[in-house]
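Presented below is the structure to which this report refers.
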Amino acid sequence: MARAKIALIGAGMIGGTLAHIAAREELGDVILFDIAEGTPQGKALDIAEASAVFGKDVALKGANDYADIAGADVCIVTAGVPRKPGMSRDDLLGINLKVMKAVGEGIKAHAPNAFVICITNPLDAMVWALQQFSGLPKEKVIGMAGVLDSARFAYFLAEKTGVSVEDIHAWTLGGHGDDMVPMVRHSTVGGLPLPDAVKAGFLTQEELDAIVERTRKGGGEIVALLKTGSAFYAPAESAIAMATSYLKDKKRVLPCATFLTGQYGLSDLYVGVPVVIGAGGAEKIVEFETNDAEKAMFAKSVESVKGLMEACKAIDPTLV
Ligand SMILES: NC(=O)C1=CN([C@@H]2O[C@H](COP(=O)(O)OP(=O)(O)OC[C@H]3O[C@@H](n4cnc5c(N)ncnc54)[C@H](O)[C@@H]3O)[C@@H](O)[C@H]2O)C=CC1
Ligand SMILES: O=C([O-])CC(=O)C(=O)O
């Protein structure tokens, strides 16, 4: 059977890392696309040469022409700009919205059957705009944020409790901003919901509260450390998990920015919720039962996403 074709739109920090992981995992042949000339070609060649060391058979190619993404099974979009210290993700909206228009048109023309994973920030508004610009079915266009946010939550819990990351299951809901909602009652340490893990002495309530706050601001913590850009290893791993579930029809339940059609009482927007990812794309949204406090936090996060959608519409009135 032919190898899958994975198009990476944007060959910067995340794009290059995605190419490296996809090659090492032998997930498929990789096209690295960017407007910068030489960058995608150089990264593709470097990783192709590495493949002779790690011993995986994949083809890698750098490109500046959308024609090269033709027939891609998966497109992962990181094109645009990242934030620097002192900026919020929302400050990227104007410049990255223009990038989403160009990328959406490129995908529409050359890879209309692909499963598209958007990573570019501000994530929930960008994936919503990208779906419209590309015209692809909504279940085939999805945003990466929740896998990253919940991975941060899980890592901080593992670090504090001393329990293996493999035995921690953490969930976040909502938009990819500082008002995202780490789901304390639905996340578990060794099978114990976090309130029970506190009772059992794995961590204190104060430690849990601090982890929730650190998770919400996890992106900014890395930006402040790196100074020149934002996180790229964990974001790339997160998108690869989503692409793998699609390509292998694994039907993993992953928190992703997904188009809602009535779930959680919401319609016509993208926001982070748990969703089954399989060969059909975003196949089924999982609806957590939420209490009043969780509902209020989720509603606040959704309001932020709606505000960004309105800002996009003001810039580009073709968006509806
Ligand atoms: N959703 C999430 O959880 C996360 C989102 N991000 C976002 O991902 C995006 C990419 O981050 P990095 O890879 O670190 O940035 P980067 O600056 O290293 O790479 C971006 C690449 O996009 C390219 N580019 C710009 N305009 C383009 C266009 N019109 N067409 C094709 N390529 C174009 C640039 O030449 C550059 O190579 C940023 O917007 C960042 O905020 C970053 C981390 C996590
Ligand atoms: O914080 C940023 O700008 C990048 C990002 O979305 C993250 O790492 O969560």
Side-chain angles (χ1 to χ4, degrees), residues 2-82 96 99-100 102-104 106-107 110-111 113-121 123 126-127 130 134 141-145 147-148 151 222 226 228-248 250 254 256 277:
R3 294 197 287 250
K5 179 168 175 176
I6 300 162
L8 307 174
I9 317 286
M13 298 308 289
I14 305 176
T17 310
L18 284 167
H20 191 192
I21 303 171
R24 285 196 69 121
E25 301 273 320
E26 226 171 35
L27 208 54
D29 292 339
V30 174
I31 297 289
L32 257 175
F33 172 95
D34 205 289
I35 47 164
E37 287 181 17
T39 304
Q41 290 84 357
K43 291 193 179 185
L45 180 58
D46 191 12
I47 298 166
E49 290 166 356
S51 73
V53 184
F54 57 70
K56 295 288 167 70
D57 292 301
V58 286
L60 292 114
K61 184 181 175 191
N64 302 114
D65 184 341
Y66 274 107
D68 281 303
I69 74 164
D73 299 291
V74 171
C75 293
I76 307 181
V77 178
T78 60
V81 293
N96 284 349
V99 175
M100 290 306 99
V103 173
I107 292 174
H110 299 283
N113 297 317
F115 179 56
V116 178
I117 301 170
C118 180
I119 301 184
T120 303
N121 273 320
L123 188 271
M126 292 302 104
V127 64
L130 182 65
S134 69
V141 182
I142 194 164
M144 190 294 292
V147 179
L148 171 65
I222 304 264
L226 294 181
T228 51
S230 49
F232 50 99
Y233 292 114
E237 287 288 354
S238 302
I240 292 285
M242 293 163 64
T244 303
S245 194
Y246 172 75
L247 287 169
K248 299 191 175 175
K250 281 172 71 79
L254 298 169
C256 304
I277 299 186

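Numbering starts at 1 and runs along the sequence shown.
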Next item on the list: Measure the CD-CG distance between Q41 and L32 for me, rounded to the nearest 0.5 Å.
Entry: 9.0 Å
Next item on the list: Give the C-alpha distance, both sets of side-chain angles, the deciding distance and a yes or no for side chain to side chain contact (heavy atoms under 4.5 Å, CB included) between N121 and M126.
Entry: CA-CA 6 Å; N121 273 320; M126 292 302 104; 5.8 Å; no
Check: Given side chains that start at C-beta, do those of V30 and V58 come closer than 4.5 Å, heavy atoms only?
Finding: no
Check: Can you name the closest pair of heavy atoms from A11 and D34 and give their distance?
Finding: N-OD2, 2.7 Å
Notebook entry, point to check: What pairs meet the ring pair (Phe, Tyr, Trp, His ring centres under 6.0 Å) rule with one or both residues in residues 25-65, with sequence neighbours excluded?
Noted result: F33-Y66
Check: Say you draw a straight line from CD1 of I142 to CG of L130; how long is it, rounded to the nearest 0.5 Å?
Finding: 12.5 Å
Next item on the list: May I ask you to test the V77-I107 pair for a side-chain heavy-atom distance under 4.5 Å?
Entry: yes
Item checked: Inter-residue atom distance L247.CG - L27.CG, 0.5 Å rounding -> 5.5 Å
Notebook entry, point to check: Checking side chain to side chain contact (heavy atoms under 4.5 Å, CB included) for the pair N96/V81: CA distance, chi angles, key distance, verdict?
Noted result: CA-CA 7 Å; N96 284 349; V81 293; 3.5 Å; yes
Notebook entry, point to check: Rounded to the nearest 0.5 Å, how far apart are CE of M144 and CD1 of I240?
Noted result: 11.0 Å
Check: For A114, which residues count as a side-chain contact (heavy atoms from CB on, under 4.5 Å) partner, sequence neighbours excluded?
Finding: C75, A111, V116
Check: Within a strict 4.5 Å, meaning less than it, do heavy atoms of the I117 and Y246 side chains meet?
Finding: no
Note to self: Using side-chain heavy atoms (C-beta onward) and a distance below 4.5 Å, is V141 in contact with C118?
What the structure shows: no
Notebook entry, point to check: So which heavy atom on A19 is nearest to which on I47, and how close?
Noted result: CB-CD1, 3.6 Å
Checklist line | Qualifying residues under side-chain contact (heavy atoms from CB on, under 4.5 Å), relative to A67, sequence neighbours excluded | finding: D65, H110
Note to self: Can you list everything that forms a side-chain contact (heavy atoms from CB on, under 4.5 Å) with A241? Sequence neighbours excluded, please.
What the structure shows: R252
Checklist line | Heavy-atom side-chain contact between N64 and P40 under 4.5 Å | finding: yes
Next item on the list: If a pair satisfies salt bridge (Lys or Arg N to Asp or Glu O under 4.0 Å) and one of its residues is in residues 43-54, list it, with sequence neighbours excluded.
Entry: none
Check: Does any non-hydrogen side-chain atom of I76 lie less than 4.5 Å from one of I119?
Finding: yes
Margin query: Taking NZ in K248 as the centre, count heavy atoms belonging to other residues, nucleotides or ligands within less than 6.0 Å. Is the count above 12?
Written below: no
Note to self: Going by the rule salt bridge (charged side-chain N to carboxylate O under 4.0 Å, His left out), which residues pair with R3 if we only count those two or more places apart in sequence or in a different chain?
What the structure shows: D29
Next item on the list: Could you list all the side-chain hydrogen bond (donor to acceptor under 3.5 Å, both in side chains) pairs where at least one residue sits in residues 67-79, not counting sequence neighbours?
Entry: K61-D68
Next item on the list: Quick one: pull up CD1 in I277 and SG in C256 and give me the separation to the nearest 0.5 Å.
Entry: 3.5 Å
Notebook entry, point to check: Hey, are the side chains of E25 and T244 touching, using non-hydrogen atoms and a 4.5 Å cut-off?
Noted result: no
Margin query: Restricting to non-hydrogen atoms, name the atom on V74 and the atom on A243 that form the minimum distance, rounded to 0.1 Å.
Written below: CG1-CB, 4.2 Å
Note to self: Using every non-hydrogen atom in the two residues, find where A145 and L123 come nearest and quote the distance to one decimal.
What the structure shows: CB-CD1, 3.8 Å
Check: Is the backbone N or O of R24 less than 3.5 Å from a side-chain atom of K56, with the two atoms forming a donor-acceptor pair by type?
Finding: yes
Next item on the list: Quick one: list whatever passes side-chain contact (heavy atoms from CB on, under 4.5 Å) with A236, sequence neighbours left out.
Entry: I14, T17, L18, I21
